[in-house]
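Everything numeric here is computed off the predicted structure, so don't read it as measured data.
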Amino acid sequence: MADSPDLGVERTLVLLKPDAVARGLAGRIITRFEDAVLKIVGVKMAQLDAEFTRKHYFDLEERLGADIYNSTAKFMQTGPVIALVLEGVDAVAKVRQIIGATYPNLAAPGTVRGDYAHQTKASSEVSGKAVMNLVHASGNSDEAKYEVGLWFGEEEQFEYETLAEKLAY
Ligand SMILES: Nc1ncnc2c1ncn2[C@@H]1O[C@H](COP(=O)(O)OP(=O)(O)OP(=O)(O)O)[C@@H](O)[C@H]1O
């Protein structure tokens, strides 16, 4: 048997956005990740500035346009966020499933966005404000590597050393 079997364990970045922190939902949201055997290996609270927001959402303006970039960047700086590095089997995809679709009205019941938010794309377009959808999570494994590295130094991330620790619950 190989010394280190590939368990499919990976890391992903999660942000509890200003609306989640302000509404006192942090604990309930984190519990959902922990219940799905996603382990916290890094955590911090931060107030974003314009420069760091640009680094985090570096491709958003190109993907969705300047108006959406600007409203999202503004929203992300309205209050503190909580950043987490989560580790687990298929963590990137699993976290995206747990948080649900980008537009909360389309997010399934049982997902974080589906249960705790309600905004539609149309309401954001009318108001010119960002979709307040509580959580950001890396969209794929390349994005996860970039975002985890942007937010957390090596020394700010912890290791579960043994197989038992990695899988235990
Ligand atoms: N049509 C829109 N109007 C206003 N804000 C939007 C719109 N589309 C996206 N956003 C904002 O931009 C963020 C990034 O959009 P993206 O397409 O990357 O969705 P996502 O990957 O589900 O969200 P996130 O990157 O925050 O995890 C969304 O979470 C939302 O806050």
Checklist line | Lys44, NZ atom: more than 12 neighbouring heavy atoms under 6.0 Å | finding: yes
Check: Please walk me through it: do Asp115 and Arg28 pass salt bridge (Lys or Arg N to Asp or Glu O under 4.0 Å)?
Finding: CA-CA 11 Å; Asp115 287 352; Arg28 273 173 279 181; over 6 Å; no
Margin query: Let me confirm one number: the CZ-CD distance from Phe52 to Gln77, rounded to the nearest 0.5 Å.
Written below: 11.5 Å
Next item on the list: Any chance you could pull the hydrophobic cluster mates of Val126, using side-chain heavy atoms under 4.5 angstrom and chaining through other members?
Entry: none
Notebook entry, point to check: Of the non-hydrogen atoms in Ala144 and Val92, which two are nearest, and what is the gap between them?
Noted result: CB-CG2, 3.9 Å
Next item on the list: Examine distances only and state if a side-chain atom of Glu62 and a backbone atom of Asp59 form a donor-acceptor pair shorter than 3.5 Å.
Entry: no
Notebook entry, point to check: Just by modelled atom types, is the Ala91 backbone N or O under 3.5 Å from a matching donor or acceptor in the Glu10 side chain?
Noted result: yes
Notebook entry, point to check: Among the clusters formed by ILVMFWY side chains lying less than 4.5 Å apart, do Val148 and Phe158 turn up in the same one?
Noted result: no
Notebook entry, point to check: Does Arg54 make a cation-pi contact with Tyr69 (under 6.0 Å, within 45 degrees of the axis)?
Noted result: yes
Check: What's the spacing between Thr72 OG1 and Glu61 CD if we round to 0.5 Å?
Finding: 11.0 Å
Check: Among pairs that include at least one residue of residues 121-144, which meet ring-ring contact (aromatic ring centres under 6.0 Å, His included), considering only residues two or more places apart or in two chains?
Finding: His56-His136, Tyr57-His136
Note to self: Under a 3.5 Å distance rule, please check whether Ser138 uses its side chain to pair with a backbone N or O of Leu13 as donor and acceptor.
What the structure shows: yes
Check: Looking at NZ of Lys74 and CG of Leu48, how far apart are the two atoms once the value is rounded to the nearest 0.5 Å?
Finding: 15.5 Å
Next item on the list: With rounding to the nearest 0.5 Å, note down the distance linking CD in Glu34 to CG in Leu86.
Entry: 8.5 Å
Check: Given Asp19 and Arg23, is the salt bridge (Lys or Arg N to Asp or Glu O under 4.0 Å) satisfied, shown in steps?
Finding: CA-CA 6 Å; Asp19 52 339; Arg23 288 175 56 193; 5.3 Å; no
Can you list, pair by pair, the side-chain donor-acceptor contacts under 3.5 Å of residues 96-106, counting residues two or more places apart and other chains?
{"unit_1": "Arg96", "atom_1": "NH1", "unit_2": "Ala137", "atom_2": "O", "d": "2.7"}

Next item on the list: Flag yes if more than 12 heavy atoms outside Asp67 fall under 6.0 Å of its CG atom; otherwise flag no.
Entry: no
Next item on the list: Measure from NZ or CZ of Lys17 to the centre of the six-membered ring of Phe75 and say whether it is under 6.0 Å with the direction within 45° of the ring axis.
Entry: no
Margin query: Taking the side chain as everything from C-beta on, heavy atoms only, tell me whether Gln157 gets closer than 4.5 Å to Trp151.
Written below: no
Notebook entry, point to check: At what distance, to the nearest 0.5 angstrom, does OH of Tyr116 lie from CG of Leu134?
Noted result: 9.5 Å
Checklist line | Residue Glu154 excluded, over 12 heavy atoms near CD under 6.0 Å | finding: no
Notebook entry, point to check: Is the shortest heavy-atom distance from the side chain of Asn140 to the side chain of Glu143 under 4.5 Å?
Noted result: yes
Check: Looking only at heavy atoms, what is the nearest atom pair of Glu156 and Phe152, with distance?
Finding: OE1-CA, 3.3 Å
Notebook entry, point to check: Which atom pair, heavy atoms only, marks the closest approach of Met132 to Gln119?
Noted result: N-OE1, 2.6 Å
Checklist line | Phe33 versus Val14, closest heavy-atom pair with distance | finding: CE1-CG1, 3.9 Å
Next item on the list: Check for a donor-acceptor pair, side chain of Lys94 on one end and backbone N or O of Ala36 on the other, with a separation under 3.5 Å.
Entry: yes
Checklist line | From CD1 (Ile30) to CG (Leu38), nearest 0.5 Å | finding: 12.0 Å
Margin query: Could you see if Val131 belongs to whatever hydrophobic cluster contains Leu15? Use Ile, Leu, Val, Met, Phe, Trp, Tyr and a side-chain cutoff under 4.5 Å.
Written below: no
Notebook entry, point to check: So do Lys129 and Ser124 actually touch side chain to side chain, heavy atoms under 4.5 Å?
Noted result: no
